[in-house]
Amino acid sequence: MSDSPSPPRPPFSAATVRAGVAWLRSQGADADVVVSSRVRLARNLAGVPFLTRTNRVQRQQILDLLRQKILAAALGEQILWIDIHTTPQLDRTLLVERHLISKEHAKGEEPRGVAISLPDELLSIMVNEEDQLRLQVLRSGLDLAGAYSQIDEVDDRICTGVGAGPVSPALQYAFSPRFGYLTACPTNVGTAMRVSVMLHLPALKLTGEIEKVRRATKDMALAVRGYYGEGSDAAGEFYQISNQTTLGKPERAILEEFERQIIPKVIDYERKARTLMLEKRRRILEDTVFRALALLKSARLLTPEDALALLSQVRLGILCGLITDVPEQTVSQLILLTQPAHLQRVLAQELDQNARREARADFVRQRLGA
């Protein structure tokens with residue numbers, strides 16, 4: 001009998017991968033435009049150097065401590081813990097595609113981990129990313145208030161040791177009475193809270209008015225990023241808008257500004273652009289969405305970027321009532337399942353880039369009944 005260790009188990013079953021993620025199901029308020037809402041908190045331990053000043057032994061000690069605190073915190077969910085540094089690259093990429101960890105967290109072999117709530121996957125807690133602790137809550141649609149309420153409770157439970165037993169002392173976070181929470185990046189100092197929404201804005205792109213959003217967000221000192229956040233492009237006209245100021249504003253003020261002032265304006269812009277297309281440029285809109293659907297049903301090679309762009313246009317056609325024989329849920333699932341790691345996990349085989357292009361086209365045609 002061989003004494004060689006068994007290969008690491010994938011973080012999710014094939015059935016879970018196929019089922020997609022809760023935040024991408026077009027549920028919740030204003031879900032036709034707002035795909036998801038996210039609130040993220042950054043925390044570091046008092047008296048412990050930031051990660052850029054620690055060695056591997058210290059990072060392992062931080063990981064061990066925070067893993068114990070997280071798993072003992074009685075978060076009210078089943079929590080899956082994954083040691084990222086021992087996880088195969090394909091499964092790391094799958095976690096990035098599900099927006100459970102950042103691209104940066106998926107890199108390297110230094111001790112790092114993530115805790116994920118199951119079965120909804122709406123809570124993830126990264127340990128030893130840029131900061132020692134990064135908590136995030138995702139919600140479908142526009143629900144920043146709900147996401148904040150949950151993450152605030154999770155933060156309190158981890159910090160105070162609720163559920164961890166009487167011998168577990170509270171964590172002391174790096175905090176300044178003058179500046180607030182101290183973080184590895186100066187732009188996060190203060191509340192150390194980032195709020196963001198992922199928006200689907202295809203009509204604004206078609207009408208040439210997407211720059212209106214860029215100008216408005218720039219004037220309000222907001223960041224506009226792509227589908228995977230920082231460093232990514234706006235593939236498929238999916239945009240993430242987030243705050244850049246965390247110092248000098250309380251959490252509630254940031255949330256209210258986003259949920260009641262900024263995002264409603266962008267939602268209104270997109271909906272008016274859809275109405276304009278339907279009333280005055282209907283043939284252009286019909287040609288765009290039905291051409292996209294035809295390509296998806298007939299293509300023999302598809303890159304992930306092409307698939308996302310075409311699925312985005314089909315989603316627009318569904319939301320505008322033009323495409324009635326394709327469920328929106330099918331499109332939402334395909335947006336995720338056509339990404340490289342998900343495609344390989346669904347097909348239960350590792351494929352090179354060229355083979356994936358062919359397999360992706362076959363998979364999409366099969367799911368669309370072509």
Side-chain angles (χ1 to χ4, degrees), residues 7-25 35-42 51 59 63 66-67 70-71 75 77-140 147 151 154 194 196 198 225-232 235 238 240 304 308 332-351 356 360:
R9 293 181 60 187
F12 300 112
S13 68
T16 299
V17 171
R18 290 190 192 95
V21 288
W23 58 264
L24 194 55
R25 293 176 183 166
V35 177
S36 65
S37 304
R38 186 192 72 168
V39 177
R40 190 197 74 198
L41 301 178
L51 292 174
R59 292 188 180 200
L63 184 72
L66 292 178
R67 177 177 55 216
I70 292 166
L71 295 179
L75 299 179
E77 300 275 0
Q78 179 187 348
I79 299 296
L80 169 68
W81 176 268
I82 302 170
D83 284 318
I84 298 298
H85 56 293
T86 62
T87 298
Q89 186 58 52
L90 180 64
D91 290 320
R92 299 188 198 192
T93 304
L94 184 136
L95 293 170
V96 173
E97 291 173 0
R98 295 175 90 81
H99 291 243
L100 294 170
I101 65 173
S102 64
K103 287 185 175 180
E104 192 61 34
H105 201 49
K107 299 176 182 177
E109 304 305 322
E110 291 293 322
R112 60 189 66 190
V114 63
I116 302 163
S117 66
L118 298 178
D120 57 28
E121 302 177 37
L122 297 181
L123 167 68
S124 71
I125 305 171
M126 290 177 280
V127 176
N128 288 351
E129 201 237 25
E130 182 179 59
D131 292 290
Q132 294 160 7
L133 191 61
R134 282 201 167 180
L135 307 90
Q136 74 163 25
V137 169
L138 279 162
R139 294 289 182 92
S140 181
I151 204 169
V154 169
R194 293 276 180 160
S196 67
M198 185 187 295
R225 300 186 172 102
Y227 185 76
Y228 287 111
E230 189 170 0
S232 65
F238 290 95
Q240 288 192 42
L308 185 58
S332 296
Q333 286 182 323
L334 284 172
I335 286 172
L336 185 64
L337 298 182
T338 53
Q339 298 303 304
H342 277 78
L343 181 69
Q344 293 174 87
R345 284 294 306 280
V346 167
L347 299 178
Q349 55 181 318
E350 294 194 24
L351 304 168
R356 289 200 301 270
R360 182 177 294 109

Item to complete: Please step through side-chain contact (heavy atoms from CB on, under 4.5 Å) for the pair His99 and Gln240, ending with a clear verdict.
Response: CA-CA 12 Å; His99 291 243; Gln240 288 192 42; 3.9 Å; yes

Distance (rounded to the nearest 0.5 Å) between [X] [atom1] and [Y] [atom2]:
{"X": "Ser36", "Y": "Leu122", "atom1": "OG", "atom2": "CG", "result": "10.0 Å"}
{"X": "Glu110", "Y": "Leu63", "atom1": "CD", "atom2": "CG", "result": "11.0 Å"}
{"X": "Arg356", "Y": "Gln339", "atom1": "CZ", "atom2": "CD", "result": "10.5 Å"}
{"X": "Lys107", "Y": "Gln89", "atom1": "NZ", "atom2": "CD", "result": "10.0 Å"}

Under the side-chain hydrogen bond (donor to acceptor under 3.5 Å, both in side chains) rule, collect the residues that match up with [X], sequence neighbours excluded.
{"X": "Arg194", "result": "Thr187, Asn188"}
{"X": "Glu109", "result": "Arg92"}
{"X": "Ser124", "result": "Gln136"}
{"X": "Ser196", "result": "Arg38"}

By salt bridge (Lys or Arg N to Asp or Glu O under 4.0 Å) - contacts of [X] (at least two apart):
{"X": "Glu350", "result": "none"}
{"X": "Arg67", "result": "Asp64, Asp83"}
{"X": "Arg134", "result": "Glu129, Glu130, Asp131"}

Sequence-distant partners of [X], side chain to side chain contact (heavy atoms under 4.5 Å, CB included), two or more places apart:
{"X": "Ser117", "result": "Glu77, Ile79, Asp120, Leu123"}
{"X": "Ala341", "result": "Leu90, Thr93, Leu94, Glu97"}
{"X": "Glu121", "result": "Phe12, Thr16, Val21, Arg98, Leu100, Ile116, Leu118"}
{"X": "Ala147", "result": "Val39, Val137, Arg139"}

Worksheet item: What do the steps show when you test Asn128 against Ile84 for side-chain contact (heavy atoms from CB on, under 4.5 Å), and what is the final call?
Response: CA-CA 10 Å; Asn128 288 351; Ile84 298 298; over 6 Å; no

Please find the pair of heavy atoms, one from [X] and one from [Y], that lie closest to each other, and give the distance.
{"X": "Ala19", "Y": "Arg25", "result": "O-NH2, 3.5 Å"}
{"X": "Gly20", "Y": "Leu336", "result": "CA-CD2, 3.8 Å"}
{"X": "Ala22", "Y": "Ser140", "result": "O-CB, 3.8 Å"}
{"X": "Ala115", "Y": "Ile70", "result": "CB-CG2, 3.7 Å"}
{"X": "Asp91", "Y": "Arg345", "result": "OD1-NH1, 3.1 Å"}

Fill in: Donor-acceptor contact below 3.5 Å, side chain Arg112 vs main chain His105
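Here the side-chain-to-backbone pair exists.
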
Fill in: Side-chain (Arg59) to main-chain (Leu51) donor-acceptor, under 3.5 angstrom
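Confirmed, Arg59 side chain pairs with Leu51 backbone.
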
Discussion item. One pair to check against side-chain contact (heavy atoms from CB on, under 4.5 Å): Thr338 and Leu308. What are the steps and the verdict?
Written reply: CA-CA 8 Å; Thr338 53; Leu308 185 58; over 6 Å; no

Fill in: Ile125 and its side-chain contact (heavy atoms from CB on, under 4.5 Å) partner, picked from Ile151, Leu133, Val114, Leu41
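The single option meeting the side-chain contact (heavy atoms from CB on, under 4.5 Å) with Ile125 is Leu133.
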
